[in-house]
Protein chains: 2
Amino acid sequence: MNSPASRRRRSTVPGDETRERLLDAAERLFAERGYANVSTRDIAEAARSNAAAAHYHFGSKEALLEAVFKRRLDGVNAERERLLAECVAAAGGRPDIADVLEAFIGPTLRLGATEEGHRFNLLAGRSSTDPNPEVRRIVFGVYDSVGRCFVEAAAAACPDLSKDELFWRIACVYGAMMYIRADNGRLQHLFGPGVSLSDSAGALRYAMPFLTAGMRAPPAAGTE
Amino acid sequence: MNSPASRRRRSTVPGDETRERLLDAAERLFAERGYANVSTRDIAEAARSNAAAAHYHFGSKEALLEAVFKRRLDGVNAERERLLAECVAAAGGRPDIADVLEAFIGPTLRLGATEEGHRFNLLAGRSSTDPNPEVRRIVFGVYDSVGRCFVEAAAAACPDLSKDELFWRIACVYGAMMYIRADNGRLQHLFGPGVSLSDSAGALRYAMPFLTAGMRAPPAAGTE
DNA sequence: CAGAAGGTCAAGCAGTTGCTTGAAGCATGT
DNA sequence: ACATGCTTCAAGCAACTGCTTGACCTTCTG
């Protein structure tokens, strides 16, 4: 066997350029067409490289997708966890749900302000409902920790909600966030020009109040 | 050429059985694995039929997916359009947003109460963020009409919202609905046993109030 | 300069894909 | 009995898939 895939970067290294180009191409193509509809040859060609290079650098197509996720998320998710912990601590364990939502959703929506961040958000949103086991494994793993932090913080912010009710409300929050990131073009098709899910400032201004109001709705429990 | 794909059903017809089995198998497999990860051979095998039968009856893999969608949606979407028109008319053009949401979302969530309806909801939810052009074309086409009715009714129910704000709020509604239908298992993984997105009664009881509260939130406009 | 190591490449392997083919099966109407 | 037309099937085609191979090239090290 001859693959590195871990002990890289020994000095300036010429090959790291190729590696980065492969990650860029993979991110863009996976986002545009979906994991299953992109071949390693497509990626190699888009990266002006060779089909074997992707396997040399990453070992497999699956590992390449994982590397794409980790490259963008390692920083953002650490920030989200920090912000969540801060707003819980600052409120003495009883945070405002608006702050919790801002800490969880804000960083990823702001990521969409840059072109490459928007491309990644497309990929992340679309991957979130991908049934492919390889994709699921990666998505589950990469969001597991920050997801737990969010659920915990949301529970602390909404102590009046039953587990059931919290579950469903958080599902709505996740759904909205994923749908906005995935940007499938359906709504723009219905609304016509002038609006776009890729406008991350609009997402922050208009979607956050919606979600906050939803989380603050009086409990529906008791309604049998 | 020898394919029917349109002028079928001449009497009792033995072959309609096979056709129905193919639709069932395709719906289940597409829902479980995603359009791209299922081959026509997989479908034929699951339907205890032959690989050529799928192409004989439907012409192509794409047309088979379209037939799966149409079989379930032709009824439901007509009902949704009727309910939307009714609640607008009954309120003299100024419907309650709660009724609009119920008319639009209720029928599809209630579809999830049956086993095959739940399977279809899985497929529909997951297909809504599928970037594959064939899948997009089908999804766009099959939901276009009812989507326009809903946007129109929501606009009538919320006359104080700007086009921008209505767009983003409807995006949140769509997102929640799609995420619930797609049921990717992530939230259940975070919450543990006892809750499930496949519980359609829970969806109606808990998600609808969330979305109604979100739609009723005071306009955020003016906040520059 | 010789060697080693990291990196790139064209070629190829085995398996899968959507779809087609031509021969057969089958019930019907004459 | 015969012909008709819908339906099924095994076999096959060309294209594509993820991944591997072995030969090269380049750069750093002794």
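These figures come from a predicted structure and were not determined experimentally. In what follows, every chain begins at residue 1, and chains take the letters A, B, ... in the order their sequences are listed.
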- Message: Expressed as a whole number of angstroms, how long is the span from B/N50:CG to C/dA24:P?
- Response: 16 Å

- Could you check whether B/A52 gets within reach of a base, just the sugar-phosphate, or nothing at all, counting any heavy atom under 4.0 Å? base

- Task: Taking only the side-chain nitrogens and oxygens of A/T18, find out if one of them lies under 4.0 Å from OP1 or OP2 of C/dT8.
- Result: yes

- To the nearest Å, how far apart are B/N132 CG and C/dT17 C1'? 14 Å

- Within the distance-only criterion (no hydrogens, no angle test), does the side chain of A/R80 pair as donor or acceptor with the backbone N or O of A/F104 below 3.5 angstrom? yes

- Is the backbone N or O of B/V38 less than 3.5 Å from a side-chain atom of B/K61, with the two atoms forming a donor-acceptor pair by type? yes

- Query: Hey, does the side chain of A/R126 reach the backbone of A/A182 with a donor-acceptor pair shorter than 3.5 angstrom?
  - Reply: yes

- Between B/Y35 (OH) and C/dT17 (P), how many Å, whole number? 13 Å

- Item | Nearest-nucleotide pick for A/Y56, side chain only, options being C/dG7, C/dT21, D/dT20 | C/dG7

- Task: Before accepting this row, confirm whether a basic side-chain N of the pair B/R205/A/E165 lies closer than 4.0 Å to the acidic partner's carboxylate O.
- Result: no

- For A/L22 and C/dG7, give me the distance from atom CG to atom P, rounded to whole Å. 12 Å

- Message: Can you tell me if B/H57 touches the phosphate of D/dT8, counting only side-chain N or O atoms and a distance under 4.0 Å to OP1 or OP2?
- Response: yes

- Item | Value in whole Å for how far the C1' atom of C/dC19 lies from CZ of B/F58 | 16 Å

- Note on the structure: Side-chain contact check for B/K61: nearest option of C/dC19, D/dC9, C/dA10 is C/dC19

- Among side-chain atoms of A/E62 and A/Y35, is any donor-acceptor pair under 3.5 angstrom? no

- Message: Give the residues of residues 38-45 of chain A touching DNA chain D, defined as any heavy atom closer than 4.0 Å, sorted by residue number.
- Response: A/V38, A/S39, A/T40, A/R41

- Message: So if I take every side-chain heavy atom of B/H55 and compare against C/dC19, D/dA10, C/dC9, which nucleotide ends up nearest?
- Response: C/dC19

- Under the 3.5 angstrom rule, does the side chain of B/D74 hit a backbone N or O of B/R71 as a donor-acceptor pair? no

- Item | Separation of atom CG in A/L29 from atom C1' in D/dG18, rounded to whole Å | 16 Å

- Message: Please evaluate residues B/F69 and B/F120 with respect to the criterion ring pair (Phe, Tyr, Trp, His ring centres under 6.0 Å), reporting the C-alpha separation (whole Å), side-chain torsions for both, the decisive distance (0.1 Å), and the verdict.
- Response: CA-CA 8 Å; B/F69 267 90; B/F120 174 77; 5.5 Å; yes

